[in-house]
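Data first, discussion second: the structure below is written as structure tokens.
Every chain is numbered from 1, with letters handed out A, B, ... down the list of sequences.
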There are 2 protein chains.
Amino acid sequence: MQKQTLLTKNQQIIFDLIDKSPEPMKAYSILFNVQKKGIKAPLQVYRALDKLVEIGKIHKIESRNAFIACHNSSCQVAKATAFSICEICEKVTEISSAGLSKYLANFKDKDGMKYSKYNLEFFGLCKKCR
Amino acid sequence: MQKQTLLTKNQQIIFDLIDKSPEPMKAYSILFNVQKKGIKAPLQVYRALDKLVEIGKIHKIESRNAFIACHNSSCQVAKATAFSICEICEKVTEISSAGLSKYLANFKDKDGMKYSKYNLEFFGLCKKCR
DNA sequence: AATTTATTGTTATAATATAACATTATGTAA
DNA sequence: TTACATAATGTTATATTATAACAATAAATT
Ligand SMILES: [Zn+2]
Ligand SMILES: [Zn+2]
Ligand SMILES: [Zn+2]
Ligand SMILES: [Zn+2]
């Protein structure tokens with residue numbers, strides 16, 4: 001079986017919803033929004049989310065338990081993510097900075113740990129909320 | 001009322017438990033462990049955790065919903081945290097790297113966002129698990 | 001002592017996420 | 001094209017994480 005490239009029905013429905021959303025979406029809000037399309041149970045949502053995260057189409061914002069679509073041109077960086085989060089309006093933006101990702105990819109700690117992945121969340125106030 | 005410096009009873013009980021623990025502790029595991037000391041309800045645990053996080057005595061590992069004591073000499077960096085997480089044994093270590101924190105503190109994104117805080121989680125395999 | 005603020009106690013409930021098992025669809029290979 | 005393996009789905013139940021609401025106590029401030 002070749003590596004999945006097309007999304008399945010549930011994955012596509014849920015990806016489309018998240019992709020259209022201007023802000024991160026939470027699992028049960030997603031569930032509510034796709035019930036009219038026949039996705040009735042939390043597990044159906046979580047399974048699609050898991051797969052979409054795995055293949056890099058969406059990212060989980062850990063501090064918010066919410067999901068956003070990747071906009072780094074079908075993210076090659078599912079394993080190297082950085083976000084800015086406004087603590088007032090909760091706007092979340094994926095950061096794509098070559099310098100930052102290079103710095104973090106090359107970061108070595110004292111314990112000789114080998115990293116395969118990182119996630120960075122910056123918090124502050126966006127332009128509007130300042 | 002001056003800024004709290006001593007911990008209250010519940011805060012101290014819960015901090016001591018987390019501080020002794022070799023690994024991050026989850027809220028309900030904490031609850032279970034402090035019930036013999038009279039802390040009976042989840043909310044009592046979460047309130048203490050919130051305060052301990054706020055004053056920098058502990059940190060939340062967002063990707064694990066778990067808490068560890070700060071070991072950066074009573075952390076001045078509750079607002080600038082970095083951790084390494086082994087994906088096999090789940091060992092978590094707080095990273096204290098002057099270079100890293102300087103780089104991240106000075107990081108500026110394109111949108112002109114003003115950051116007051118960040119959290120970085122590295123994932124990989126620790127020495128033992130490699 | 002009176003007032004304000006922080007902390008605690010308690011019950012109930014909300015929000016997030018997974019277990020277990022049956023079924024259906026899809027890809028691979030004889 | 002049939003058999004086999006793997007991936008995705010459907011469904012019910014339940015586990016885990018976290019907060020709402022309100023009453024009572026304790027501690028700091030005036
Ligand atoms: Zn991305
Ligand atoms: Zn904002
Ligand atoms: Zn610390
Ligand atoms: Zn390990």
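Checked by atom type and distance alone, the side chain of B:Ser21 never pairs as donor or acceptor with a backbone atom of B:Pro24 at under 3.5 Å. Judged purely by atom type and a 3.5 angstrom limit, B:Glu54 has no side-chain atom pairing as donor or acceptor with the backbone of B:Lys51.
Rotation axes derived from the C1' atoms of the five outermost pairs at either end of the helix from C:dA1-D:dT30 to C:dA30-D:dT1 lie 40° apart, to the nearest 10°.
Taking the six-membered ring wherever Trp is involved, the centroid distance between the rings of B:Phe122 and B:Phe83 does not fall below 6.0 Å.
Atom CG of B:Leu49 is separated from atom P of D:dT17 by 12 Å (rounded to the nearest Å). Summarising the geometry, the separation between CD on B:Glu54 and P on C:dA6 is reported as 10 Å, rounded to the nearest angstrom. Atom CD1 of A:Ile30 and atom P of C:dA17 are 10 Å apart (whole Å). Residue B:Glu62 contributes atom CD, which lies 14 Å from atom P of C:dT16 at whole-angstrom precision. Spacing between atom OH of B:Tyr46 and atom P of C:dA14 amounts to 16 Å, rounded to whole angstrom units. For B:Asn65 and D:dA18, the CG to P distance is 4 Å, given to the nearest whole Å. Nucleotide C:dT10 holds its C1' atom 13 Å from the CG atom of B:Leu31, rounded to whole Å. Atom CG of B:Asp50 is separated from atom P of D:dT17 by 15 Å (rounded to the nearest Å).
In this model, the phosphate group of C:dT8 is not approached by any side-chain N or O of B:Lys51 to a distance below 4.0 Å at OP1 or OP2.
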Under 3.5 Å, which N/O atoms of the protein pair with N/O atoms of nucleotides 9-12 of chain D?
unit_1	atom_1	unit_2	atom_2	d
D:dT9	OP1	A:Thr8	OG1	2.8
D:dT9	OP1	A:Asn10	N	3.3
D:dG10	OP2	A:Asn10	ND2	3.0
D:dG10	OP2	A:Gln44	NE2	2.4
D:dG10	O5'	A:Gln44	NE2	3.4
D:dG10	N7	A:Arg47	NH2	2.4
D:dG10	O6	A:Arg47	NH1	3.0
D:dG10	O6	A:Arg47	NH2	3.3

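Considering only heavy atoms from C-beta on, A:Phe123 comes within 4.5 Å of A:Ser63 through its side chain. Under the 4.5 Å side-chain criterion, counting only non-hydrogen atoms from C-beta, B:Leu120 is not in contact with B:Ile95. The shortest distance between side-chain heavy atoms of B:Tyr28 and B:Val45 does not fall below 4.5 Å.
A salt bridge does not link A:Glu23 with A:Lys91: none of the charged nitrogens is closer than 4.0 Å to a carboxylate oxygen.
Residue B:Ile30 comes nearest to B:Met25 through the heavy atom pair CG1-CB, 3.8 Å, listed as atom of the first residue, atom of the second, then distance. Contact record, B:Ser84 with A:Asp109: OG-OD2, 4.1 Å, taken as the closest heavy-atom pair.
For the 3.5 Å distance criterion, the side chains of A:Glu121 and A:Asn119 qualify, holding a donor opposite an acceptor.
Side-chain to base pairing of B:Tyr28 with D:dA15: no donor and acceptor N or O lie closer than 3.5 Å to each other.
The stretch residues 14-26 of chain B touches DNA chain D through B:Lys26, each having a heavy atom under 4.0 angstrom from the strand.
Interatomic distance, A:Ile14 CD1 to A:Asp19 CG, rounded to the nearest 0.5 Å: 13.5 Å.
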